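Here's the structure we're looking at; comments come further down.
All values reported here derive from a predicted model rather than from experimental measurement.
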Number of protein chains: 2
Amino acid sequence: MKVLLIGGCGFVGSHVADALLDQGLKVRVLDLKPEAYRPPLHNVEYVFGDFGDSNTLFEALAGVDAVVHLASTTVPGTANLDPVADIKGNLISTVRLLGLLRNTGCRKFVYLSSGGTVYGIPQHDTVPETHQLKPINSYGIVKVAIENYLHMEQMLHGLSHVVLRASNPYGPRQGRLGVQGIIGTSLWKVVQGEPIEIWGDGSVIRDFVHVRDLAKLCVKALISDATGCFNAGSGTGASVNEIVEKIARTLEMKGLEPMTVTHTPGRAYDVPRIVLDITRAKECLGWTPQISLEEGIAESFEWVRNQISNS
Amino acid sequence: MKVLLIGGCGFVGSHVADALLDQGLKVRVLDLKPEAYRPPLHNVEYVFGDFGDSNTLFEALAGVDAVVHLASTTVPGTANLDPVADIKGNLISTVRLLGLLRNTGCRKFVYLSSGGTVYGIPQHDTVPETHQLKPINSYGIVKVAIENYLHMEQMLHGLSHVVLRASNPYGPRQGRLGVQGIIGTSLWKVVQGEPIEIWGDGSVIRDFVHVRDLAKLCVKALISDATGCFNAGSGTGASVNEIVEKIARTLEMKGLEPMTVTHTPGRAYDVPRIVLDITRAKECLGWTPQISLEEGIAESFEWVRNQISNS
């Protein structure tokens with residue numbers, strides 16, 4: 001099976017590329033630019049370009065049996081600044097991709113959605129896939145619309161698809177830019193001796209999933225006959241304050257100086273708590289996350305330290 | 001209160017204009033072109049142009065206290081042919097409108113959504129507003145996305161809004177083009193002595209609401225403090241075959257020749273049955289539909305007959 005991996009040079013994408021190769025699959029990556037933290041992989045075919053460009057897509061789709069679509073032109077914290085760009089860059093591009101797929105032999109599609117935004121304000125302690133979809137930011141609204149177009153494509157044209165509603169992935173190769181996730185951002189700051197910045201009082205609870213666990217789930221989704229939506233988290237919550245504590249403990253265990261923490265006001269679009277119920281992925285896809293938050297944070301810390309000492 | 005009525009020259013819009021004027025409100029209509037079946041109304045201010053054009057919108061919004069948005073560049077039966085045009089013409093235009101509104105004094109918004117498409121395949125005999133939103137056509141997907149952006153606008157910027165999920169409106173001034181509804185289309189054919197065309201076996205059940213009842217609900221939604229989503233139907237179902245029978249009875253009562261009926265294959269995107277639970281609109285907005293299907297069909301038949309005899 002040959003897989004087109006859209007967004008395969010990003011943080012999650014680089015790990016999904018590894019997992020697809022581990023599974024013995026042929027991989028073609030479509031992304032705007034090469035990976036930030038590794039040289040190109042020898043056994044991966046790269047196409048560089050915009051997945052919103054039909055000519056690029058057409059070239060990238062040739063001979064492909066399945067698509068894993070991880071690309072996003074926005075992140076939750078920035079999509080509201082320009083919802084029209086969010087709609088054009090993500091929704092319209094993906095709808096065009098689905099139209100192109102109809103004329104190819106590709107009948108399997110895995111899409112990375114967002115468990116942290118599609119549900120809006122959770123009505124339960126842990127949120128199952130059947131929870132109402134009431135997103136309160138543009139990122140989540142666009143993800144829901146894409147999920148719906150995938151559902152329609154399956155109903156009308158038989159495209160077998162899996163939607164993975166990921167929680168907060170973290171781990172090695174997470175960028176330093178501060179738009180993608182508290183763990184990565186904080187570790188880059190700590191290693192560089194800068195203070196960690198926390199929005200609000202740190203009581204906000206999220207579900208953090210190690211990026212290698214998520215990548216393994218992507219592969220399971222791809223090779224399984226199951227279809228539909230699956231939550232892709234750890235199934236347990238951790239507050240921002242707990243994350244800060246775990247980072248502090250990592251420093252302590254390595255005999256390093258403690259970091260400092262600063263507080264800035266909370267964001268209107270942050271929901272107070274979101275933890276995903278991952279029963280469905282466990283039962284239908286035989287997947288369980290393996291890497292604990294402690295291990296993951298320690299590993300990620302070492303990875304950031306290596307990046308900085310090698311730069 | 002001055003109301004901008006977007007799409008005010010269309011079938012539903014023309015009746016909402018009447019109802020707003022009856023309520024003593026000032027009305028400005030924005031639409032692409034004048035009404036098809038009536039001369040311009042003396043006490044309505046008209047702006048002709050595309051609601052997707054920001055300059056036109058900016059002009060139309062001056063001095064307005066509330067917006068009733070009924071415009072759609074697509075209908076359920078055609079949106080799938082070009083989903084990208086559906087997204088651009090409806091979703092992006094409406095998101096731009098919401099952005100423009102933030103800088104005006106307008107803080108009330110009534111939006112006409114689609115009870116027949118947002119729910120997808122109904123899981124209950126009558127569908128309440130809390131039913132899952134799982135649309136299976138582009139029209140419904142775009143409506144859900146617009147509803148979500150309205151919800152976000154209320155959460156983040158305080159825009160008070162009502163979404164009316166209309167079922168199948170029918171009545172005088174419904175066009176003859178055959179894309180908008182079985183009752184209007186069939187009556188135009190019958191009056192002209194042409195056979196009525198039915199998709200499938202005629203067992204498909206829909207919820208038909210008289211357009212004047214729907215228009216009254218629009219006004220109630222506008223002047224009420226209630227917000228959120230409301231089903232806007234009759235609350236009862238009628239099969240296509242029952243509609244055909246009622247039209248036949250109308251002909252019989254008027255001593256006219258019976259019509260002929262032809263059958264064409266069913267459409268993949270038609271759900272077998274959809275009837276809306278309208279309890280919420282009754283309780284929160286004090287609205288009950290008044291016009292029975294028999295009365296409404298007889299009235300609409302006379303209206304079509306007058307159009308043809310006057311043309």
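Checked against side-chain hydrogen bond (donor to acceptor under 3.5 Å, both in side chains), B/S138 has the following partners two or more places apart in sequence or in another chain: A/Y149, B/D86. B/S239 meets the side-chain hydrogen bond (donor to acceptor under 3.5 Å, both in side chains) test with B/E242; sequence neighbours excluded. Residues satisfying the side-chain hydrogen bond (donor to acceptor under 3.5 Å, both in side chains) criterion with A/R280, sequence neighbours excluded, are absent altogether.
A 4.5 Å side-chain heavy-atom check between B/K143 and B/R165 finds every atom pair outside the cut-off.
B/I121 touches chain A through its side chain: at least one heavy atom from C-beta onward sits under 4.5 Å away, while N, CA, C and O do not.
Most heavy-atom pairs under 4.5 Å with chain A: of the set B/K134, B/E153, B/M155, this distinction falls to B/K134. Here A/I141 is the residue among A/T130, A/V84, A/I141 with the most heavy-atom pairs under 4.5 Å with chain B.
The 12-atom threshold is exceeded at CZ of A/F48, counting heavy atoms of other residues, nucleotides or ligands nearer than 6.0 Å.
Below 4.5 Å, heavy atoms of chain A meet heavy atoms from B/I87, B/K88, B/L91, B/I92, B/V95, B/R96, all part of residues 87-99 of chain B.
Between the CD atom of A/Q132 and the NE2 atom of B/H131 there is a distance of 13.5 Å, given to the nearest 0.5 Å.
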Item to check | Derivation of the side-chain hydrogen bond (donor to acceptor under 3.5 Å, both in side chains) call for B/T264 and B/E197 | outcome: CA-CA 7 Å; B/T264 55; B/E197 200 176 58; 4.8 Å; no
